[in-house]
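Labels below follow one simple rule: chain letters A, B, ... track the order of the sequence lines, proteins then strands, and each chain is numbered from 1. Below, each value reflects all heavy atoms present in this structure, side chains not excepted, and no hydrogens, waters or symmetry copies.
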Amino acid sequence: MAKKTYDLLFKLLLIGDSGVGKTCVLFRFSDDAFNTTFISTIGIDFKIKTVELQGKKIKLQIWDTAGQERFHTITTSYYRGAMGIMLVYDITNAKSFENISKWLRNIDEHANEDVERMLLGNKCDMEDKRVVPKAKGEQIAREHGIRFFETSAKANINIEKAFLTLAEDILRKTPVKEPNSENVDISSGGGVTGWKSKCCS
Amino acid sequence: MELREDASPASAFEKDAFQLTVEDVYDISYVIGRDLLKISSSGEEVSDLQFRIVRVLELFETVVKQYNLSVEELRLERDNLKTELDRILGENCTENVGPDQLVIDLKDPNRPRFTMQELKEVLQERNQLKAQLMVSQEELQMYKSGRLPMEPGMVEIDLESPPATDNGSAAGDDAREEPKDERTAISKL
């Protein structure tokens with residue numbers, strides 16, 4: 001049953017305070033849709049989207065975590081397997097911005113050392129309710145040496161760009177190897193299992 | 001009158017009982033003492049002295065009355081506070097088991113029942129099944145689009161039509177095909 005639907009599998013993770021729009025950002029990217037009703041994510045969920053970068057078909061397995069503290073033990077066990085982490089805050093919610101350092105600390109504690117990080121200031125369509133200036137987001141991103149985008153899942157601003165940029169950054173670090181069939185590994189804390197290749201009959 | 005000459009000490013008699021200071025009491029004593037001296041020397045001003053002694057007794061009566069009232073009020077307030085304190089302490093005993101503990105109402109149908117580990121396992125299984133479904137859907141799409149050749153023994157099944165319309169032979173093929181598909185989906189995980 002040898003068949004190759006993609007060349008590489010990248011595992012990404014979305015983290016950030018509850019209600020900042022992680023699920024909406026992902027839903028916009030994976031399904032190009034937006035839903036205004038707020039449904040809190042239970043623990044952990046994922047979506048798959050295949051993109052093409054530099055002639056390579058890259059399957060993005062994107063893990064969406066619950067922002068609520070009560071799911072913390074579940075969500076942190078998924079940090080280890082991530083190759084890229086998107087830290088999302090809400091530009092209309094100062095607390096979500098203040099908590100960035102807490103989330104960065106979580107990454108340091110639970111993720112791989114070489115994980116690609118990215119900061120997203122979501123809900124940038126809500127300019128009238130903005131409390132976090134764009135410059136503040138840029139500054140904290142610069143301080144930690146990570147990329148930064150202001151996004152809007154609702155208005156579809158910078159969503160695809162953010163995901164593709166993160167995927168490109170990971171691709172740049174990926175050692176060149178023969179394309180092969182990768183596995184969709186859904187176990188938590190699986191380390192580099194996403195990279196393992198498998199010989200197909 | 002001699003009294004008017006000594007207006008200062010005698011004025012203590014005119015004061016309100018609760019305005020009286022220790023100095024006023026000394027003044028009163030002074031005036032009474034002086035008047036008593038007069039009685040002993042000349043026998044005059046006896047009615048004045050009587051009036052003042054009555055006034056002093058009135059003042060003391062008021063003071064003692066008010067004092068007793070205050071004591072009674074304070075006792076009542078103390079009892080009220082004691083009852084209130086007992087009530088709050090009682091609530092703490094039943095409602096707050098500890099600073100970091102939660103009491104669960106066993107009659108609440110929405111009460112927490114499952115552990116974090118159980119939730120973790122259920123989510124893992126859900127995500128596993130979701131991944132399997134995605135793989136199967138992808139595979140199905142490839143068969144449908146003809147990018148993958150049909151294997152011998154495989155039968156094309158119209159998933160849109162209800163299974164009741166399948167004839168016996170097709171159902172048999174279907175059954176033989178199932179384990180193979182399952183293997184495929186799982187091997188991909």
Side-chain angles (χ1 to χ4, degrees), chain A residues 1-6 9 11-14 23 26-27 30-31 40-50 57 59-66 68-82 180-190 193-194 196-201, chain B residues 99-104 108-157 176-189:
Chain A
M1 291 304 259
K3 57 182 180 294
K4 180 165 68 72
T5 57
Y6 55 93
L9 173 73
K11 291 212 261 181
L12 311 181
L13 186 75
L14 283 159
T23 304
L26 180 52
F27 194 44
S30 66
D31 295 73
S40 189
T41 302
I42 295 174
I44 186 106
D45 199 356
F46 77 97
K47 290 220 176 252
I48 300 266
K49 170 122 173 158
T50 306
K57 272 198 178 142
K59 190 167 218 164
L60 301 177
Q61 185 184 33
I62 308 153
W63 291 96
D64 180 22
T65 63
Q68 290 175 353
E69 174 61 31
R70 60 195 180 118
F71 294 117
H72 187 255
T73 52
I74 287 181
T75 54
T76 49
S77 66
Y78 284 79
Y79 282 49
R80 186 65 62 200
N180 52 43
S181 199
E182 298 280 341
N183 307 301
V184 177
D185 179 66
I186 54 95
S187 65
S188 63
T193 49
K196 92 179 166 213
S197 62
K198 191 170 62 124
C199 218
C200 293
S201 58
Chain B
D100 288 325
Q101 282 172 324
L102 184 80
V103 171
I104 294 167
D108 179 7
N110 254 330
R111 69 186 182 272
R113 261 174 272 217
F114 303 104
T115 65
M116 193 55 97
Q117 186 54 39
E118 285 167 328
L119 175 63
K120 197 171 174 172
E121 282 161 16
V122 168
L123 286 173
Q124 240 166 44
E125 189 177 358
R126 193 269 311 261
N127 289 334
Q128 233 154 27
L129 292 170
K130 201 169 147 181
Q132 283 181 12
L133 174 69
M134 282 176 174
V135 168
S136 303
Q137 278 175 335
E138 212 169 75
E139 208 172 319
L140 178 68
Q141 207 52 48
M142 293 186 87
Y143 281 122
K144 274 189 169 172
S145 66
R147 273 183 286 165
L148 272 181
M150 283 289 187
E151 294 210 334
M154 277 178 117
V155 171
E156 198 159 1
I157 300 159
R176 277 200 302 279
E177 185 196 323
E178 261 174 25
K180 192 186 284 174
D181 259 0
E182 206 171 82
R183 232 184 5 255
T184 312
I186 289 164
S187 73
K188 291 184 64 155
L189 289 158

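When the shell of 6.0 Å around CD1 of A:Ile42 is examined, it contains 12 or fewer heavy atoms from other residues, nucleotides or ligands. Other residues, nucleotides and ligands place more than 12 heavy atoms under 6.0 Å from the CD atom of B:Glu121.
Contact record, A:Trp63 with B:Asn127: CZ3-ND2, 3.5 Å, taken as the closest heavy-atom pair. Residues A:Ile74 and B:Leu123 come closest through the heavy atom pair CD1-CD1, 4.1 Å.
Expressed to the nearest 0.5 Å, how far CG of B:Leu119 lies from CZ of A:Phe71 amounts to 6.0 Å. With values rounded to the nearest 0.5 angstrom, A:Asp45 atom CG is found 3.5 Å from B:Lys130 atom NZ. Atom CE of B:Met134 and atom NZ of A:Lys47 lie 6.5 Å apart (nearest 0.5 Å). Note that CD of B:Gln124 is 4.5 Å distant from OH of A:Tyr78, once rounded to the nearest 0.5 Å. To the nearest 0.5 Å, the span separating CD1 on A:Ile48 from CD on B:Gln137 amounts to 11.5 Å.
Applying the side-chain contact (heavy atoms from CB on, under 4.5 Å) rule to A:Lys49 yields the partners A:Phe29, A:Val51; only residues at least two apart in sequence or on another chain are considered. Evaluation of the side chain to side chain donor-acceptor pair (under 3.5 Å) rule for A:Arg70 yields A:Gln68 as partners, not counting sequence neighbours.
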